[in-house]
Every structure is written in structure tokens, then in C-alpha cells.
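Working notes, beginning with the structure itself.
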Amino acid sequence: MASVLDVAAYILEQKGAMTTWKLQKLVYYCQAWSLVWDEDILFPEAIEAWANGPVVRELYNKHRGQFHIGRVKRGNPESLLEYQRDTIDGVLNFYGDKSPQWLSDLTHMEDPWKLARKGIPDGDRGEAIISKKSLKKYYASL
């Protein structure tokens, strides 16, 4: 099974270097739309509802302290299946040219992040998991 690092490496291969903030949001949307379009997870790692939006901690640990990223160590895009690459490409076609701020603002308006953050004051750190069930339910309804 592919990991979040494999997905991130593929995104960077397709779009080039970007902010780590944007990469986290693109990875999030890839997981969400994979649950809807492919009816399966794209990667097994959990997505947490941090104050600045969805974050996959395993990916964060690889880019901690960096603002821009062009490569993910241990990420292997070759481990993705063709239909998974197609899903990621679809996400990149829609979200890939958006700014990090636009993507973050969008995640803050959508139910999966808001529900996971329920009861956590704005701006406070949080490590609540955004459930795959809430991702699939919300994005399938769009």
C-alpha cells in the first residue's frame, strides 16, 4: 500500500516545489477524493485537524522546519497504482493552482475539519483525527 510520503512525492513530481502548507492540503484532498472516487483509502496515515488545517503528522515530521519543499525523502511515486495516480491528477487539476491560503481557508469552511475541531478554541493546537468516514460522507455529498 502507498504511504502519504509516496503521495507527496508524486505531487511534487507533478507540480514542482511548493510550500509545505500547500502540500499538506493537497495530500488531504487526495485522500478525500480517493475515498469518494475509488472507494478506498489512498494512504493509511491519519489526518489531524490542526489549527491551520489538515495535517498528516508523518509527512509533517519529514518537512518540519522547512517552508518550501521539493522532495520527500523515502517517498516513492512508483508505488502508486495507475488509478491512484489518476485520482491525484484529478485533484491536482482542480486544486493544484490554488494558493496555500485559499486551500487552508477552504478546509476551514468544510465539515470534516470543523467537526474534528469541535470544542477546540480557534488557534489552539489540536490533534483530533479527521475520520475517513467524515471525509467520504462530506465529499460524496458535493
Side-chain angles (χ1 to χ4, degrees), residues 1-117 120-142:
M1 172 173 276
S3 75
V4 68
L5 302 179
D6 301 330
V7 174
Y10 181 79
I11 290 170
L12 293 170
E13 186 179 85
Q14 298 304 305
K15 298 301 282 183
M18 64 183 65
T19 66
T20 55
W21 195 27
K22 180 172 182 170
L23 181 60
Q24 285 283 354
K25 305 313 170 259
L26 291 175
V27 163
Y28 167 80
Y29 282 114
C30 288
Q31 180 76 299
W33 288 109
S34 177
L35 289 164
V36 176
W37 296 336
D38 304 328
E39 298 184 357
D40 198 5
I41 62 170
L42 184 58
F43 54 84
E45 294 87 355
I47 300 172
E48 298 178 16
W50 288 17
N52 288 326
V55 172
V56 179
R57 186 177 298 273
E58 288 81 357
L59 177 57
Y60 174 80
N61 288 339
K62 294 293 180 192
H63 66 61
R64 172 183 259 149
Q66 295 176 289
F67 181 73
H68 276 90
I69 188 167
R71 187 173 157 266
V72 176
K73 289 182 182 175
R74 296 193 181 168
N76 179 12
E78 297 301 316
S79 65
L80 295 165
L81 301 172
E82 185 175 347
Y83 77 91
Q84 293 171 319
R85 286 192 289 280
D86 290 343
T87 294
I88 297 168
D89 290 342
V91 169
L92 295 179
N93 285 336
F94 185 79
Y95 298 98
D97 65 344
K98 307 294 192 251
S99 74
Q101 185 65 58
W102 189 93
L103 292 169
S104 183
D105 290 347
L106 184 62
T107 64
H108 287 157
M109 292 186 282
E110 298 173 328
D111 285 351
W113 182 83
K114 290 191 319 188
L115 292 171
R117 296 273 311 168
I120 302 171
D122 288 346
D124 280 8
R125 286 187 77 161
E127 298 176 350
I129 302 296
I130 298 174
S131 77
K132 290 170 182 68
K133 183 179 178 181
S134 76
L135 286 172
K136 184 171 183 174
K137 180 180 179 184
Y138 178 78
Y139 291 100
S141 74
L142 298 180

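Fair warning: this is a prediction, and the values are worked out from it, not measured in the lab. The basis for the numbers below is simple: all heavy atoms, side chains too, and nothing from hydrogens, waters or symmetry mates.
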ask   = Can you tell me how far OG of Ser134 sits from NZ of Lys114, rounded to the nearest 0.5 angstrom?
value = 12.5 Å
query = Between NZ of Lys25 and CE of Met18, what distance do you get to the nearest 0.5 Å?
reply = 12.5 Å
Least distance between heavy atoms, Ile130 atom then Ala49 atom = CG1-CB, 3.8 Å
query = Partners of Trp21 by side-chain hydrogen bond (donor to acceptor under 3.5 Å, both in side chains), sequence neighbours excluded?
reply = none
query = Under the 3.5 angstrom rule, does the side chain of Asn76 hit a backbone N or O of Asp6 as a donor-acceptor pair?
reply = no
ask   = Which atom names give the shortest non-hydrogen contact between Gln84 and Ser79, and what distance separates them?
value = OE1-O, 4.3 Å
query = Is there a donor-acceptor contact under 3.5 Å from the side chain of Lys132 to the main chain of Asp40?
reply = no
ask   = Considering only heavy atoms from C-beta outward, does the side chain of Trp37 approach that of Leu42 to under 4.5 Å?
value = no
message = Run the side-chain hydrogen bond (donor to acceptor under 3.5 Å, both in side chains) test against Thr19 and tell me which residues pass, sequence neighbours left out.
response = none
inquiry  = Can you give me the closest heavy-atom contact between Ile120 and Gly126, atom names plus distance?
reply    = CD1-CA, 4.2 Å
request  = Could you go through the side chain to side chain contact (heavy atoms under 4.5 Å, CB included) check for Ile88 and Gln14 one step at a time?
outcome  = CA-CA 10 Å; Ile88 297 168; Gln14 298 304 305; 5.9 Å; no
task = Apply side-chain hydrogen bond (donor to acceptor under 3.5 Å, both in side chains) to Asp89 and list each qualifying residue two or more places apart in sequence or on a separate chain.
result = Tyr10
Only pairs under 3.5 Å count here: list side-chain donor-acceptor contacts from residues 52-59, not counting sequence neighbours, and write none if there are none.
residue : atom : partner : partner atom : Å
Arg57   : NE   : Glu48   : OE2          : 3.1
Arg57   : NH2  : Glu48   : OE1          : 2.8
Arg57   : NH2  : Glu127  : OE2          : 3.2

message = Thr107 vs Tyr29, test: side chain to side chain contact (heavy atoms under 4.5 Å, CB included). Steps then yes/no.
response = CA-CA 9 Å; Thr107 64; Tyr29 282 114; 3.4 Å; yes
ask   = CD of Glu110 to CG of Leu115: how many Å apart, nearest 0.5 Å?
value = 11.5 Å
request  = Answer with yes or no after comparing the ring centroid distance for Trp33 and Phe94 against a 6.0 Å cut-off, counting only values under it.
outcome  = no
remark   = Rounding to 0.5 Å, atoms CD1 (Ile11) and CG (Leu26) come to a distance of 5.0 Å
note = Between Asp124 and Arg117 the two heavy atoms that sit nearest each other are O-NH2, 2.7 Å
Side chain to side chain contact (heavy atoms under 4.5 Å, CB included) partners for Ala32, two or more places apart = Leu135, Tyr139
inquiry  = Donor-acceptor pair, distance only, cut-off 3.5 Å: does the side chain of His63 make one with the backbone of Arg71?
reply    = no
remark   = For Ser99, the side-chain hydrogen bond (donor to acceptor under 3.5 Å, both in side chains) test, sequence neighbours excluded, returns none
ask   = Heavy-atom count around Glu82 CD within 6.0 Å, excluding the residue itself: above 12?
value = no
key: Atom CG of Asn93 with >12 non-hydrogen neighbours under 6.0 angstrom   = yes
ask   = So which heavy atom on Phe43 is nearest to which on Val4, and how close?
value = CB-N, 3.5 Å
key: Plane angle bin for Trp50 and Tyr60 - parallel if under 30°, tilted between 30 and 60°, otherwise perpendicular   = perpendicular
query = Taking all non-hydrogen atoms of both residues, which atom of Met1 and which atom of Pro44 are closest, and how far apart?
reply = SD-CD, 3.6 Å
ask   = Just by distance, do the side chain of Lys98 and the backbone of Lys22 share a donor-acceptor pair under 3.5 Å?
value = no
key: Spacing of His108 atom NE2 and Leu103 atom CG [to the nearest 0.5 Å]   = 11.5 Å
task = Indicate yes or no: at least one non-hydrogen side-chain atom of Ile47 is less than 4.5 angstrom from one of Ile129.
result = no
remark   = Interatomic distance, CZ@Arg74 vs CG@Leu5, rounded to 0.5 Å, equals 9.0 Å
query = How far apart are the C-alpha atoms of Leu35 and Tyr138, what are their side-chain angles, what is the distance that settles it, and do they pass the side chain to side chain contact (heavy atoms under 4.5 Å, CB included) test?
reply = CA-CA 10 Å; Leu35 289 164; Tyr138 178 78; over 6 Å; no
